[in-house]
Amino acid sequence: MTEKIKIEGKKWSKERVRADRTDELYAHIPEGETLMSIDDLRVVYVTDDSETVAVDNFTLDVKKGELVSIVGPSGCGKTTILRCIAGLLQPTSGKVLMGDKECTSPGSDRGMVFQDFALFPWRSVKKNVEFGMEVAGVPKAEREERAMRYIKAVGLEKFANSRIHELSGGMKQRVGIARALVMHPAVILMDEPFGALDAQTRNIMQEQLDKIITHSERTIIFVTHSVDEALYLSDRVVILSKRPSTIFKVVDVPWPRPRDRTNPEFGALRKQILQYLEEQNVMDD
């Protein structure tokens, strides 16, 4: 088996953890135990003449080291939930806990990968990946070594000094993933990161992420429209109802990685999830 991506550098106590090493805050939580608790989340958007309940009674525990996908239709509240977890949006009620700490604002313990890449076009690949570590005050030698380690992990070592405009869409998204991974957040949030890619590139990126998951044991919450993508990547798939969005069903994915999309059992579970969605009248496929 390929050696796991190593977390290196100075160890810090729970009371004092570098901004680029927030996974150390939760080192006492064993793999497979609850790392994040989302409790009775409710989001109401208010305008001058109306109120819209976007999310209601969303409750979910996320285990350390698992990838949880959230599927549902456009406008049902997937990104709203992710933004609440990230601390970018305050819920109307309910709370998000990391360990025993409530998340009320953005924090470096939650890394975000966006669909639109959100990279700095004037920086090289390597400098983009280093950016968060620069802000956190990581010494130059350490951040260069770590940046190159994760650039290699996403298969871009030959493009480390390339500018962003020289990269394809799939390559840009790999930079975004490396930039999130290199900061060692406790949880990585991915908001339809492959949604803008063509089908072939999307499959390649899924395979790349699957390898990273296998080799680094990261905790990931992954929003997607694709049931196939969710089954290929996830340990559990959370199916949302139509708006106001709540959890309709949670499906455990029983197979080890890597997975075979042509396996009849894979196709049968995919069909089952699509049937769940059709019952809720939330997705056409």
Side-chain angles (χ1 to χ4, degrees), residues 5 62 66-83 85-86 88 110-119 121 125 128-129 150-156 159 162 164-183 185 187-216 218-240 251 253 255 257-262 266-267 269-270 273-274 277 282-285:
I5 297 172
V62 179
E66 75 170 340
L67 190 151
V68 176
S69 283
I70 301 175
V71 300
S74 295
C76 80
K78 300 186 300 297
T79 296
T80 295
I81 292 167
L82 213 62
R83 287 173 62 84
I85 296 170
L88 300 172
R110 286 148 287 145
M112 194 87 171
V113 178
F114 299 93
Q115 181 177 347
D116 61 356
F117 314 130
L119 302 174
V125 167
N128 265 279
V129 175
Y150 283 95
I151 288 169
K152 184 177 180 180
V154 298
L156 288 178
F159 299 90
S162 297
I164 297 303
H165 69 84
E166 298 174 320
L167 307 181
S168 67
M171 293 165 74
K172 290 176 183 177
Q173 198 55 278
R174 293 189 210 184
V175 178
I177 292 171
R179 186 174 62 179
L181 287 169
V182 78
M183 292 296 289
V187 175
I188 297 174
L189 309 173
M190 294 188 166
D191 188 8
E192 297 189 54
F194 310 143
L197 306 178
D198 63 83
Q200 183 178 4
T201 304
R202 186 169 186 158
N203 283 349
I204 292 170
M205 289 303 303
Q206 290 167 7
E207 292 171 5
Q208 195 77 38
L209 180 59
D210 185 66
K211 292 176 182 177
I212 291 169
I213 295 166
T214 302
H215 299 156
S216 64
R218 294 308 175 89
T219 306
I220 299 174
I221 301 176
F222 191 98
V223 164
T224 180
H225 272 95
S226 169
V227 173
D228 181 270
E229 182 170 74
L231 282 179
Y232 185 76
L233 293 172
S234 308
D235 297 293
R236 290 187 293 158
V237 179
V238 176
I239 305 168
L240 299 184
V251 175
V253 182
W255 313 296
R257 298 181 176 91
R259 293 168 183 166
D260 181 4
R261 301 175 197 266
T262 64
F266 187 101
L269 186 53
R270 178 181 180 277
I273 294 175
L274 288 171
L277 294 170
V282 297
M283 182 181 286
D284 296 322
D285 190 279

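Because the structure is predicted, anything quoted here is derived from the model rather than measured. Numbering starts at 1 and runs along the sequence shown.
Remark: Asp235 engages Arg257 in a salt bridge, criterion side-chain N to carboxylate O under 4.0 Å.
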Note to self: side-chain contact (heavy atoms from CB on, under 4.5 Å), that's the test. Do Ile204 and Arg174 meet it? Break it down for me.
What the structure shows: CA-CA 11 Å; Ile204 292 170; Arg174 293 189 210 184; 3.9 Å; yes
Next item on the list: May I have the step-by-step check of side-chain contact (heavy atoms from CB on, under 4.5 Å) for Leu240 and Ile81, ending in yes or no?
Entry: CA-CA 11 Å; Leu240 299 184; Ile81 292 167; 4.1 Å; yes
Check: Passes side-chain contact (heavy atoms from CB on, under 4.5 Å), Met112 versus Leu82? Steps please.
Finding: CA-CA 9 Å; Met112 194 87 171; Leu82 213 62; 3.9 Å; yes
Note to self: Using side-chain contact (heavy atoms from CB on, under 4.5 Å), reason through Leu233 and Ile220 one step at a time and then give a plain yes or no.
What the structure shows: CA-CA 10 Å; Leu233 293 172; Ile220 299 174; over 6 Å; no
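How far CE of Met205 is from CD of Gln200: 13.5 Å, rounded to the nearest 0.5 Å. The line from OG of Ser234 to CD1 of Ile70 is 10.0 Å long, rounded to the nearest 0.5 Å. Separation of atoms NZ (Lys78) and CD1 (Ile221) is listed at 14.5 Å; rounding is to 0.5 Å. Summarising the geometry, atom CD belonging to Glu192 is positioned 6.0 Å from atom OG1 belonging to Thr79; distances are rounded to the nearest 0.5 Å. If you take CG on Leu167 and CG on Leu156, they are separated by 7.0 Å, rounding to the nearest 0.5 Å. Distance check, rounded to the nearest 0.5 Å: CZ of Phe222 to CG of Asp191 gives 9.5 Å.
Taking every heavy atom of both residues into account, Arg270 and Asp228 meet most closely at NE-CB, 4.0 Å. Shown here for Met190 and Ile177, the closest heavy-atom pair between the two residues is CE-CG1, 4.1 Å. A pairwise comparison of heavy atoms in Ala180 and Pro185 identifies O-CD, 3.1 Å as the closest pair. In plain terms, the two heavy atoms of Val129 and Val182 that are nearest each other are O-CG1, 3.4 Å. Across every non-hydrogen atom of Phe266 and Asp260, the tightest pair is CB-O, 3.6 Å. Of all the heavy atoms in Ser226 and Arg202, the pair that sits closest is CB-NH2, 3.7 Å.
Residues Gln173 and Val113 form a side-chain contact, since some pair of their non-hydrogen atoms from C-beta on lies under 4.5 Å apart. Inter-residue side-chain proximity for Arg259 and Leu231 is flagged as unmet; no heavy-atom pair is nearer than 4.5 Å. In this structure, Gln206 and Asp210 have side chains that are not in contact, with every pair of non-hydrogen atoms separated by 4.5 Å or more. For the pair Leu269/Trp255, a side-chain contact is recorded, criterion being any heavy-atom separation below 4.5 Å from C-beta on.
Side-chain atoms of Arg110 do not come within 3.5 Å of backbone N or O of Leu189 as any donor-acceptor pair. A donor-acceptor contact shorter than 3.5 Å links the side chain of Gln208 to the backbone of Ala153.
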